[in-house]
Amino acid sequence: MKGVALLPDTASTFAQQVDLLFWFLTAVTVFFTLLIAALVLYFAYRYRRGSTASRAGAKETDLRLEIGWSMIPLTIGLIVFVWAAKLYADAYGPPPDNALEIFVIGKQWMWHLQHPNGIRENNELHIPAGRPVKLTMISQDVIHSFFVPAFRIKRDVLPGKYNTVWFTPTKPGKYHLFCAEYCGTQHSRMIGWVYVMEPAEYEKWLASGGEARPGALASGAGTMAGVPTASLVQAGEQLYKQLRCNACHGAADGQRGPSHYGLFGKKVKLRDGTVVVADEAYIRESILRPLAKVVDGYEPIMPSYEGLLDEERTLQLVAYIKSLKKPLQTAEVKP
Ligand code: HEC
Ligand SMILES: [Cu+2]
């Protein structure tokens with residue numbers, strides 16, 4: 001430890017912005033604390049019992065003073081509110097398009113992280129500096145919370161629902177990852193490291209399947225040694241065939257079920273007349289609980305896969321369906 005750390009490392013673009021807000025709040029607080037304390041002392045001294053200071057013309061009320069001490073704090077409060085709300089909306093809103101997408105599964109008591117190319121890591125995450133990273137997170141059991149103080153991001157990881165958060169790491173280094181939601185006996189062990197690497201180094205790491213990683217020795221309990229056997233999408237495709245999803249879902253609509261080509265991001269009309277956007281959460285729900293939202297024009301005949309698929313395999317299916325782009329390449333889906 002290097003002395004007493006006032007703040008954790010500042011290692012993402014949010015961290016810089018959050019710190020600015022933090023220092024602004026601190027400055028405002030210090031300023032008014034000193035001002036008020038000085039006035040209290042000054043008046044206590046000046047008008048102490050027995051002092052000769054004149055008390056003539058003392059007023060009961062002063063409208064300007066009252067407006068002042070209402071409006072100034074209100075203005076400062078609103079500035080802080082708008083500033084903080086903007087930061088919050090940035091961090092928890094949609095990420096930039098070029099974001100690197102990482103899937104996170106929390107389970108008692110570890111973090112399971114999955115790169116798009118299939119590399120999996122446990123309690124370790126390797127990412128390049130300077131590029132936005134989007135985390136799509138879900139829990140296999142109870143509520144967890146993904147917390148990296150150096151990035152100033154913390155987001156609940158819930159069972160049954162994808163939550164996302166994004167950030168842009170700025171500084172290569174090794175940063176603590178915590179679970180910030182009490183999740184059972186070994187909650188305190190649900191920790192790990194985020195390695196931010198120079199982009200070139202990261203490419204090397206990816207190419208080596210997650211072997212050439214700094215810190216590989218430092219932390220004994222590490223990755224499942226890469227395993228870049230199948231990319232997420234390929235794993236999903238295999239599973240899709242294995243589960244015979246294509247018995248009902250073909251290359252075009254009009255089979256027993258709708259086609260999945262071009263589904264991701266599309267507006268889907270449902271039986272009850274409502275329209276939903278097909279995002280990750282919708283696709284996941286459609287697989288696990290097909291009856292929750294039935295597509296208009298189709299019979300509710302799809303079997304539920306709830307209980308048959310764990311979150312990892314569900315993610316693979318979601319990733320595969322996401323990858324099916326509109327202009328369909330024939331022969332990709334064999335009925
Ligand atoms: C017995 C036929 C059948 C099988 C097998 C089947 N589905 Fe479906 N699926 C349907 C039908 C019919 C619908 C439309 C009605 C609905 O929403 O329930 C549908 C809807 C969907 C949707 C929503 C599509 C949209 O356009 O909004 C997704 C996603 C989906 N299925 C994925 C899968 C996956 C993944 C599998 C394999 C694990 C699978 N389905 C297996 C019949 C099937
Ligand atoms: Cu936890």
Side-chain angles (χ1 to χ4, degrees), residues 104-113 122-123 137-148 154-159 162-163 177-192 233 235-310 313-324 326 333 335:
V104 179
I105 298 171
K107 45 187 162 198
Q108 285 167 324
W109 287 275
M110 60 178 274
W111 294 108
H112 183 67
L113 300 115
N122 287 334
N123 297 330
M137 311 188 288
I138 195 157
S139 163
Q140 191 108 295
D141 36 54
V142 300
I143 300 178
H144 303 279
S145 181
F146 192 94
F147 180 31
V148 183
K154 175 156 69 179
R155 184 102 221 236
D156 278 4
V157 178
L158 308 174
Y162 289 132
N163 253 354
L177 157 66
F178 296 101
C179 176
E181 181 74 49
Y182 179 67
C183 58
T185 322
Q186 299 197 44
H187 162 67
S188 63
R189 299 252 187 97
M190 195 165 161
I191 50 178
V233 170
E237 185 176 8
Q238 257 170 30
L239 197 54
Y240 194 88
K241 289 194 176 131
Q242 196 183 320
L243 295 171
R244 307 216 12 90
C245 307
N246 41 15
C248 299
H249 297 284
D253 284 342
Q255 313 228 0
R256 289 211 278 169
S259 166
H260 292 147
Y261 280 81
L263 173 62
F264 186 69
K266 198 178 79 176
K267 291 199 174 100
V268 179
K269 186 149 182 260
L270 302 180
R271 236 188 189 191
D272 61 11
T274 53
V275 173
V276 293
V277 174
D279 55 8
E280 286 101 343
Y282 169 77
I283 295 176
R284 176 179 181 278
E285 184 186 60
S286 295
I287 297 170
L288 300 180
R289 286 182 299 279
L291 297 186
K293 299 200 175 77
V294 177
V295 183
D296 189 38
Y298 291 91
E299 290 305 313
I301 54 164
M302 175 163 159
S304 159
Y305 290 86
E306 191 150 38
L308 297 175
L309 294 169
D310 58 16
R313 301 211 295 164
T314 310
L315 266 179
Q316 293 168 349
L317 283 174
V318 172
Y320 172 60
I321 291 175
K322 271 175 77 172
S323 76
L324 299 172
K326 194 53 189 271
V333 172

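As the structure lists them, so they are numbered: ligands from 1, and atoms in each ligand from 1. FYI, side chains are in, hydrogens and waters are out, and symmetry mates aren't considered; it's all heavy atoms of this structure.
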Ligand-side contact atoms (ligand 1) for residue partner [X], heavy atom cut-off under 4.0 Å:
X: Tyr298; answer: 14 (C), 15 (C)
X: Glu299; answer: 12 (C), 15 (C)
X: Ile301; answer: 1 (C), 12 (C)
X: Val294; answer: 15 (C), 16 (C), 17 (O)

Checklist entry - Can you tell me if His260 has a non-hydrogen atom under 4.0 Å from ligand 1? => result yes
Item to check | With His112, the side chain to side chain contact (heavy atoms under 4.5 Å, CB included) member among Leu315, Asn123, Asn122 | outcome: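 Output: one option passes, namely Asn122.
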Next on the checklist: With respect to Val295, determine whether any N or O atom, backbone or side chain, lies less than 3.5 Å from an N or O atom of ligand 1.
Outcome noted: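 Looking only at distances, the answer is yes, because the N/O contact criterion of under 3.5 Å is met.
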Next on the checklist: Counting only nitrogen or oxygen atoms and a 3.5 angstrom limit, does Lys293 reach ligand 1?
Outcome noted: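 Between Lys293 and ligand 1 (N or O atoms, distance only) the closest approach is under 3.5 Å.
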Item to check | Criterion side chain to side chain donor-acceptor pair (under 3.5 Å) on Tyr240 and His249, from CA distance to verdict | outcome: CA-CA 10 Å; Tyr240 194 88; His249 297 284; 5.0 Å; no
Return the [atom1] to [atom2] distance between [X] and [Y], rounded to the nearest 0.5 Å.
X: Arg313; Y: Leu243; atom1: CZ; atom2: CG; result: 6.5 Å
X: Ser139; Y: Ile105; atom1: OG; atom2: CD1; result: 9.5 Å
X: Gln140; Y: Gln108; atom1: CD; atom2: CD; result: 10.5 Å
X: Cys179; Y: Asp156; atom1: SG; atom2: CG; result: 9.0 Å
X: Met110; Y: Gln186; atom1: CE; atom2: CD; result: 12.5 Å
X: Cys245; Y: Tyr320; atom1: SG; atom2: OH; result: 9.0 Å

Checklist entry - Taking the inter-plane angle between the rings of Phe178 and Phe147 on a 0 to 90° scale, is it parallel (under 30°), tilted (30 to 60°) or perpendicular (over 60°)? => result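 Ring orientation, 0 to 90° scale: tilted.
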Checklist outcome for this item: side-chain contact (heavy atoms from CB on, under 4.5 Å) filter on Leu270, not counting sequence neighbours, yields Val268, Asp272, Thr274, Val276, Tyr282, Lys293
Next on the checklist: Please give me the protein atoms (N, O or S only) lying under 2.8 Å from the Cu ion (ligand 2), ordered by chain and number.
Outcome noted: His144 ND1, Cys179 SG, Cys183 SG, Met190 SD
Next on the checklist: Suppose we measure from atom 41 (C) of ligand 1 to each protein heavy atom; which comes out shortest, and what is that distance?
Outcome noted: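 So the nearest neighbour among protein heavy atoms is Tyr305 OH, 3.5 Å.
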Checklist entry - Among all protein non-hydrogen atoms, which one is nearest to atom 27 (O) of ligand 1, and what is the separation to 0.1 Å? => result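 Protein heavy atom with the smallest distance to atom 27 (O) of ligand 1: Tyr282 OH, 2.5 Å.
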Item to check | Pairs satisfying salt bridge (Lys or Arg N to Asp or Glu O under 4.0 Å), at least one member in residues 256-267, at least two apart | outcome: none
Next on the checklist: If I only include protein atoms of type N, O or S, how many are less than 2.8 Å from atom 8 (Fe) of ligand 1?
Outcome noted: 2
Checklist entry - For ligand 1, is any non-hydrogen atom under 4.0 Å from Val268's backbone (N, CA, C, O), its side chain (CB onward), both, or neither? => result side chain
Checklist entry - Under a 4.0 Å heavy-atom limit, does Leu239 contact ligand 1 with its side chain, its backbone, both, or neither? => result neither
Checklist entry - Is the count of non-hydrogen atoms from other residues, nucleotides or ligands lying under 6.0 Å from Arg189 atom CZ greater than 12? => result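 No, because the 6.0 Å sphere around CZ of Arg189 holds 12 heavy atoms or fewer from other groups.
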Checklist entry - For Gly250, does its backbone N or O pair with a side-chain atom of Ser259 as donor and acceptor, under 3.5 Å? => result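 Side chain of Ser259 to backbone of Gly250, a donor-acceptor pair under 3.5 Å: yes, one is there.
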Item to check | Backbone of Ile191 reached by a side-chain donor or acceptor of Trp111 within 3.5 Å | outcome: no
Item to check | Verdict with reasoning, Arg155 to Glu181, per salt bridge (Lys or Arg N to Asp or Glu O under 4.0 Å) | outcome: CA-CA 10 Å; Arg155 184 102 221 236; Glu181 181 74 49; over 6 Å; no
